[in-house]
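Beneath this line is the structure, given in structure tokens, with notes to follow.
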Amino acid sequence: MSFPFNDLNEIQQQAVKAVNGPILILAGAGSGKTRTLTYRIAYLIKEKKVLPSQILAVTFTNKAANEMKSRIAQLLNSAVVPLWIGTFHSVCARILRIEAEHAGYTRNFTIYDVDDQVRALKKVLSSLGMSQQQFPPRLVQSRLSRIKNQFIYPEDLDQTIDEAVTDLERMMPNIYRAYQKYLKESNAFDFDDLLMKPLELFDQFPDIKQKYADKFKYVMIDEYQDTNRVQYLFAQKITNGHKNICVVGDEDQSIYGWRGADINNILNFHKDYPEAQTFKLEENYRSDRNILDAANSVVKNNLFRIGKNLWTAKETGDKIILYSAGDEVGEAKFIVEQIHEEMYNKKRSFNEMAILYRTNAQSRIIEDALRRNAISYTVVGGTKFYDRKEIKDLLAYLKLIVNPADNISLKRIINFPLRGIGETTVGKIEKFSEIENITLFAAMQRIEEIASISPAMKSRVVEFVQLIQKFIELRGELSAEELASTLASESGLIHHYKSEYDHYESETRIGNIKELFNSIKQFMDEHSKDEVDANLATYLEEVSLLTDVDTWNSDTNSVTLMTLHAAKGLEFPVVFIAGMVNGLIPLERTMENVDELEEERRLLYVGMTRAQKNLYLSYANRLRRYGNPMEVSPSLFLREIPNELMIYKNGLQAAGKGRKKRGKNARRSAVKSYFSSLESQDTDDVFYKVGQPVYHATFGKGKIVRLEGSGDSMKITVQFQENKLIKKLVKQYANLSALEE
DNA sequence: CATCTGCTGGTTTTT
DNA sequence: CCAGCAGATG
């Protein structure tokens with residue numbers, strides 16, 4: 001069978017066939033980028049006879065990796081294709097499992113999540129004698145994470161101390177150093193270490209770098225617009241010999257700037273590789289034309305972009321529906337009604353619909369409405385299965401058994417279920433461990449040497465140590481699943497959840513624990529046949545690195561609820577975007593900073609382009625925040641969508657009590673045209689649209705090219721005709737009037 | 001050492 | 001509005 005080039009369009013084929021040298025694939029939303037990447041890998045193996053083991057493919061989620069992997073296997077007609085494919089984090093973790101010793105770790109290392117990181121920082125801050133009021137651990141964590149994502153070492157930070165403005169900045173190098181030391185003592189890496197340590201090893205041991213550079217002859221990176229500095233450097237170093245680096249991305253979909261992603265990585269690809277070939281995938285196969293046009297007209301307001309011409313051969317399709325509700329309950333009601341409509345009139349099933357929002361907190365009111373109307377739904381993100389307390393408890397036991405140096409996990413379970421070993425005792429043991437320079441667990445093994453602890457207490461500690469030791473030994477004898485289930489009973493966890501809760505709750509919690517046994521078994525079965533070691537350590541690693549979407553099953557017949565961020569890479573026939581107000585989309589604090597505002601705009605663009613056939617945008621004029629109601633105005637991005645692509649529906653009258661106070665005013669705005677009702681304050685804001693011709697007394701005729709902010713302080717950038725002047729004006733003083741086109 | 005209560009303050013987005 | 005936490009009491 002020859003290679004199925006017919007599945008690809010002309011440019012996709014070119015991109016697949018261009019195998020050597022640096023390649024940049026600029027792929028608009030829905031342009032078949034995953035397909036291109038998949039075929040490219042299959043092509044390399046099948047036609048170019050590249051060994052799968054010489055290929056590295058980096059995706060944004062594990063789900064994408066798995067899908068791609070099975071698709072490749074299908075194309076190649078083979079059961080297992082041993083290429084390295086996964087997220088940056090999982091690929092790096094895999095390298096670290098192999099190279100751990102060089103970094104002074106063992107291969108049983110634990111991966112610390114944010115929660116663990118914060119616990120570790122609390123410990124570190126208190127050892128340094130720093131108060132948590134002055135240095136909030138959460139804040140320190142996020143600062144530190146940002147620093148590490150930029151591949152900055154404590155030593156680099158030392159040089160910035162002279163210019164340090166805040167106490168935190170001044171203390172950061174010390175905190176950073178002490179934190180890394182603590183992690184190393186715990187034989188643990190945090191998320192950021194996973195990316196940073198391999199690079200550190202590459203720099204420190206050139207032959208390690210060479211080993212991987214030689215191994216991976218072809219490297220492909222998806223969602224390149226969302227790579228941060230460390231990931232960028234990783235890709236560089238590993239390909240700098242052959243330069244067979246193929247990156248795929250879309251600057252308009254860069255939405256992770258806040259966690260250190262640098263859009264310049266993709267914007268400057270040609271500076272890094274002047275010889276790079278570029279392929280632009282501009283045909284969208286996903287959305288009807290109205291939706292695509294609307295999304296395009298939003299994102300084109302961004303100044304910092306390469307720019308492209310995304311088009312579709314699809315039909316015009318339905319118009320976008322924009323709905324204005326009195327409050328969030330009204331907005332949720334509208335969504336429910338439309339879901340019914342889609343169901344009964346268009347015969348759509350629940351899993352063809354998704355509700356997207358900016359913040360996780362928004363899901364609650366929508367969930368309530370769905371539940372009341374017996375619409376089954378799945379929330380992606382929020383409280384994840386692996387975040388449940390009972391699961392985290394059991395996982396902590398398992399982590400400790402795999403890695404007895406794991407101080408954070410040990411502290412989590414040392415007194416849970418309660419065994420009378422309180423904070424004071426733990427403090428004493430911790431002290432001893434610091435003096436002796438050993439791990440907490442090792443200190444507990446030498447409990448007899450600690451004079452200040454009573455004999456009764458010592459025996460409790462000994463009992464706990466024996467329990468853990470027993471399971472460390474059992475590891476060789478029992479299967480991982482058996483080990484977990486025996487441990488759950490013997491640690492007292494099962495008994496605790498049976499006796500401490502009412503019947504219903506204990507059923508669910510124990511059910512969850514059993515589900516965990518199941519997931520362990522499943523992991524072992526799945527990986528017994530491939531090249532990844534199936535053991536408890538790799539299982540725990542996988543669990544730590546799961547993303548929200550990874551655990552989401554798109555086949556279940558339920559409506560999907562998730563954040564705009566989580567929706568990246570997905571598509572649905574019907575998409576709702578809720579909360580289209582200033583303060584949420586864009587988020588309040590982003591309104592002052594152009595870069596951040598543009599990222600919000602891209603986020604909306606990502607959301608809109610998820611829709612294939614129908615797109616609903618909705619907002620409430622009044623939100624509840626911290627329990628108090630507050631008036632909000634419609635998102636400034638709504639102004640950027642041409643009116644002829646939308647149908648405006650107003651639900652103010654239906655919203656009921658809340659609006660009555662405004663009486664006449666509310667009723668009046670309810671019948672107003674779409675234009676004026678966009679403004680809650682009854683101003684003439686609506687005429688301020690990009691592209692709108694205007695007249696100014698001094699400068700004459702011009703066109704609006706850009707809008708920032710809202711209300712009277714809105715900044716309006718106008719390009720004037722006469723002298724080509726571009727002026728930024730503040731609305732309240734600008735005194736502009738509208739002209740006909 | 002365990003548990004209860006009253007207070008504060010926090011909302012992005014995630015590997 | 002509520003979760004998480006410090007501080008008092010059993």
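Proximity of A:Thr61 to the phosphate of B:dT15: no side-chain N or O atom is located under 4.0 Å from OP1 or OP2. When the side-chain nitrogen and oxygen atoms of A:Asn228 are compared with OP1 and OP2 of B:dT15, none of them lie within a distance under 4.0 Å. Listed pair A:Asn415 / B:dC1 fails the phosphate criterion, with no side-chain N or O lying under 4.0 Å from OP1 or OP2. OP1 or OP2 of B:dC1 lies within a sub-4.0 Å distance of a side-chain N or O belonging to A:Thr424. OP1 or OP2 of B:dT15 has not a single side-chain nitrogen or oxygen of A:Ser90 nearer than 4.0 Å.
For B:dT12, the base is not stacked against the aromatic ring of A:Trp258, per a cut-off of 5.5 Å between centres and 30° between planes.
Candidate nucleotides B:dT13, C:dC5, B:dT3 were compared by shortest atom distance to the side chain of A:Lys122, and C:dC5 ranks first. Closest to the A:Thr359 side chain, of the nucleotides B:dT11, B:dT12, B:dC1, is B:dT12. Considering only the side chain of A:Asp548, B:dT15 comes nearest among B:dC1, B:dT15, B:dT11. Of the candidates B:dT11, B:dT14, B:dT15, the closest approach to any side-chain atom of A:Val114 belongs to B:dT15. Minimum atom distance to the side chain of A:Arg364 is reached by C:dC2, of the listed B:dA2, C:dC2, B:dT14.
Annotation: side chain of A:Ile577 is not in contact with side chain of A:Tyr616 (no heavy-atom distance under 4.5 Å). With contacts defined as side-chain heavy-atom distances shorter than 4.5 Å, the pair A:Asp387/A:Lys392 qualifies.
Remark: A:Arg601 is not positioned above the aromatic ring of A:Phe637, lacking an NZ or CZ atom under 6.0 angstrom from the ring centre and at most 45 degrees off the axis.
The closest donor-acceptor contact from the side chain of A:Ser145 to the backbone of A:Gln141 lies at 3.5 Å or more, if one exists at all.
To the nearest whole angstrom, the two C1' atoms, one in B:dT12 and one in C:dC5, are 23 Å apart.
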